[in-house]
Amino acid sequence: MPRTTSSARVPERPVAFVRGVPDSFAAAVTGSPVDPPLSALLARQQHAAYVASLRDGGYRIVEVDSDEAYPDCCFIEDTAVVVGSHALVTRAGHPSRRGEGAAVAPGLADAVRIHPVVAPATIDGGDVLVVGRRVFVGLSGRTNRQGAEAVAAIAEPQGYVVAPVRVGSVLHLKSGLSALDDSTVIWHQRACDRSELVGVRVLEVGGEDPEAANVVRLADGRILVAAHHERTEALIAESGFSTVAVDVSEIARADGGLTCLSIRLR
Ligand code: CIR
């Protein structure tokens with residue numbers, strides 16, 4: 001297991017870490033140009049509604065101050081990988097995002113034991129999905145093989161089964177895959193090959209947009225879905241889960257989904 005940089009204290013869970021939208025949000029990294037430009041104001045309004053949904057769903061909220069030097073800092077999920085009682089503070093796959101995790105680590109260290117990620121490893125939290133005792137790690141444009149090994153180094157000693165997964169035509173694995181409970185995932189075919197999802201029940205969501213499969217499991221068991229993905233809400237409800245919707249359309253224009261706006265410890 002990697003060198004430990006801080007010691008774990010008594011965790012107070014369920015807790016969600018969030019980070020506000022900076023004024024510089026218009027300069028966020030995007031896979032293709034956005035027109036009209038991103039609106040920090042609208043993103044901030046949607047972020048506030050998202051945080052309220054997490055709180056209503058049973059999470060204690062810890063807010064990390066936003067940082068103008070990091071236009072993408074609201075996508076806090078990418079800065080850490082939490083597995084059980086251990087966490088990596090990541091080394092981001094995109095150079096402009098390296099360093100975002102420094103402000104996140106102190107709060108996380110109240111609940112989990114923190115480990116660093118060292119070069120040449122790169123990893124974004126959006127590539128790591130924990131489902132029960134399984135950990136799927138996406139190998140993507142942001143997360144490399146050494147990054148996946150860093151996840152295995154904290155997860156396997158705790159008894160988790162770690163599976164590297166080749167990410168399809170999406171930014172992160174979780175851009176098209178997320179967990180509904182400890183054994184069920186919702187998946188879009190662009191996220192990865194279905195055969196990689198060993199040991200879990202898979203609900204497939206169709207349509208053009210893989211982000212339709214990016215949902216957040218609230219602490220009370222309800223599933224938070226993006227309001228612009230009505231198909232997702234129907235599919236999940238048909239499968240017996242209760243849902244709640246929030247509008248994150250401006251966040252989506254910056255290539256973000258629901259999971260990427262928080263780090264959740266259950
Ligand atoms: C980026 O490209 O890094 C951000 N604009 C979006 C990150 C979204 N994060 C995530 O899905 N976990």
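The analysis underlying the following values was restricted to heavy atoms, covering all of them including side chains, and did not include hydrogens, waters or symmetry mates. Start at 1 and go down the list; that is how both ligands and their atoms are numbered.
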*Looking at residues at least two apart in the chain, or sitting in another chain, which of them share a salt bridge (Lys or Arg N to Asp or Glu O under 4.0 Å) with Asp23?*
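Result, salt bridge (Lys or Arg N to Asp or Glu O under 4.0 Å) vs Asp23: Arg44.
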*For Glu156, which residues count as a salt bridge (Lys or Arg N to Asp or Glu O under 4.0 Å) partner, sequence neighbours excluded?*
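Scan of Glu156 (salt bridge (Lys or Arg N to Asp or Glu O under 4.0 Å), adjacent residues dropped) gives none.
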_Ion pair check, Asp56 and Arg222, cut-off under 4.0 Å_ =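 Looking at Arg222 together with Asp56, the answer is yes, because their closest N to O distance falls below 4.0 Å.
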*Select all protein residues for which some heavy-atom-to-ligand 1 distance is less than 4.0 Å, and list them by chain and number.*
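Heavy-atom contacts below 4.0 Å: Val29, Asp72, Phe75, Glu77, Asp78, Arg97, Gly126, Arg142, Leu171, His172, Ala254, Asp255, Gly256, Cys260.
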_Using a 4.5 Å cut-off between side-chain heavy atoms of Ile, Leu, Val, Met, Phe, Trp and Tyr, which other residues end up in the same hydrophobic cluster as Ile236?_
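Grouped by the 4.5 Å side-chain rule, Leu180, Ile186, Leu203, Val205, Val215, Ile223, Val225, Leu235, Phe241 form the rest of the cluster around Ile236.
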_Tell me whether Arg201 contacts the main-chain N or O of Val185 through its side chain, where contact means a donor paired with an acceptor under 3.5 Å._
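Not a single qualifying donor-acceptor pair exists.
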*Could you tell me whether the side chain of Arg19 and the main chain of Glu100 form a donor-acceptor pair under 3.5 Å?*
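Such a contact is found between Arg19 side chain and Glu100 backbone.
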